[in-house]
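To start, the structure itself, in structure tokens.
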Amino acid sequence: MIGNSTFLRNLRKFRLVTFDITETLLRFRQAPAIQYAKTAAELGVTDIDQPLLEQCFKDEFKTMAKLYPNYGRYSQLSWYDWWAQLVERIFHCVKPNIDEKKLKQISGTLIRIYRTNECWIHIDGNKELLSRVRQANKHVGVISNSDPSLHKVLKEMEILDKFDFVLTSYEAGYQKPDSSIYDIPLEKYGVKADEALHIGNTYDLDYIGARNAGWSSLLVTRNKIDLERAQGTHAYPSLKDLLLALDTKEIQW
């Protein structure tokens, strides 16, 4: 198969291939603000101002990330408490007089279902790409800015066994684009930086972050500006387009 031989040639220099998860291999079934409002309504909290909820989500997430970076990794908060506090801040922003008992129910429910397939779907082409990379005899892993419950998400979505390791920023103690998080799997597998490839959906964290750590990287995004900023054969609007390129083009690393 010509495509397969081209695929192997494109990856021949690499011993390690890692992936981001959210919006790279998996995506939310619906936008978080929509899911939050839906869950609240199911628990009896209705009349949610949806545009306000969306804005509160963005604002409070930024605030929590600033107050307690890396999901509370460096604070007294556990990652679970970090999410619980975020949810409570969001709903206090939307409905200042919300019943506190209801709020605890909403928070607990959201934290639970976001670790299941109720809130996640596969991005088309993800399983084929993972299988092809594994068949090429590479070490395959995850590098994600997330909390340790990502392991449960991947298991629920039936792709955990596709990876040799899952490295979250919480467990690493560093967040992308810090090169330290990219250094960890190199040491673990005795791989040089120029033998490693990272695939992700964000220009700064994934594409540039990996390259600054000495890796090669590929970008998968629908953001047209970022597609144009990345080097010619390094950026694609979908995993299907990336697979096609790996099968038919010579990637210029």
With a 4.5 Å heavy-atom cut-off, do Leu26 and Thr22 have their side chains touching?
-> no

Please find out if less than 6.0 Å separates the ring center of Tyr71 from that of Trp82.
-> yes

Taking Asn126 for the side chain and Leu25 for the main chain, is one N or O donor matched with an acceptor at less than 3.5 Å?
-> yes

Among side-chain atoms of Thr168 and Glu171, is any donor-acceptor pair under 3.5 angstrom?
-> yes

Taking Thr202 for the side chain and Asp204 for the main chain, is one N or O donor matched with an acceptor at less than 3.5 Å?
-> no

Relative to the ring of Trp253, is the ring of His234 parallel (under 30°), tilted (30 to 60°) or perpendicular (over 60°)?
-> parallel

Does a side chain donor of either Ser217 or His198 reach within less than 3.5 Å of an acceptor in the other side chain?
-> no

Would you say Asp49's side chain and Leu52's backbone share a donor-acceptor pair under 3.5 angstrom?
-> yes

Once you round to the nearest 0.5 Å, how far does CG of Asn145 lie from CD of Gln175?
-> 5.0 Å

Could you tell me whether the side chains of Thr221 and Asn223 share a donor-acceptor contact shorter than 3.5 Å?
-> no

Check the angle between the aromatic planes of Tyr36 and Phe91 and answer parallel, tilted or perpendicular using the 30° and 60° thresholds.
-> parallel

Please check if atom CZ in Arg222 has more than 12 non-hydrogen atoms from other residues, nucleotides or ligands closer than 6.0 Å.
-> no

For salt bridge (charged side-chain N to carboxylate O under 4.0 Å, His left out), just list the numbers for Asp161 and Arg134, CA-CA rounded to whole Å, side-chain angles, deciding distance to a tenth of an Å, and then say yes or no.
-> CA-CA 11 Å; Asp161 62 351; Arg134 287 201 71 84; over 6 Å; no

Check each of Thr39, Val87, Leu86 against Ser107 using the side chain to side chain contact (heavy atoms under 4.5 Å, CB included) test, and report the only one that passes.
-> Val87

Check the pair Glu128, Arg132 against salt bridge (charged side-chain N to carboxylate O under 4.0 Å, His left out), reporting the backbone distance first and the verdict last.
-> CA-CA 6 Å; Glu128 181 182 354; Arg132 298 277 299 279; 3.6 Å; yes

Do Leu197 and Leu218 come within less than 4.5 Å of each other through their side chains, counting heavy atoms only?
-> yes

Does the separation of the ring centres of Trp79 and Tyr74 fall below 6.0 angstrom?
-> no

Sole candidate of Ile199, Leu242, Asp226, Ile208 that passes side chain to side chain contact (heavy atoms under 4.5 Å, CB included) when paired with Leu219 = Asp226

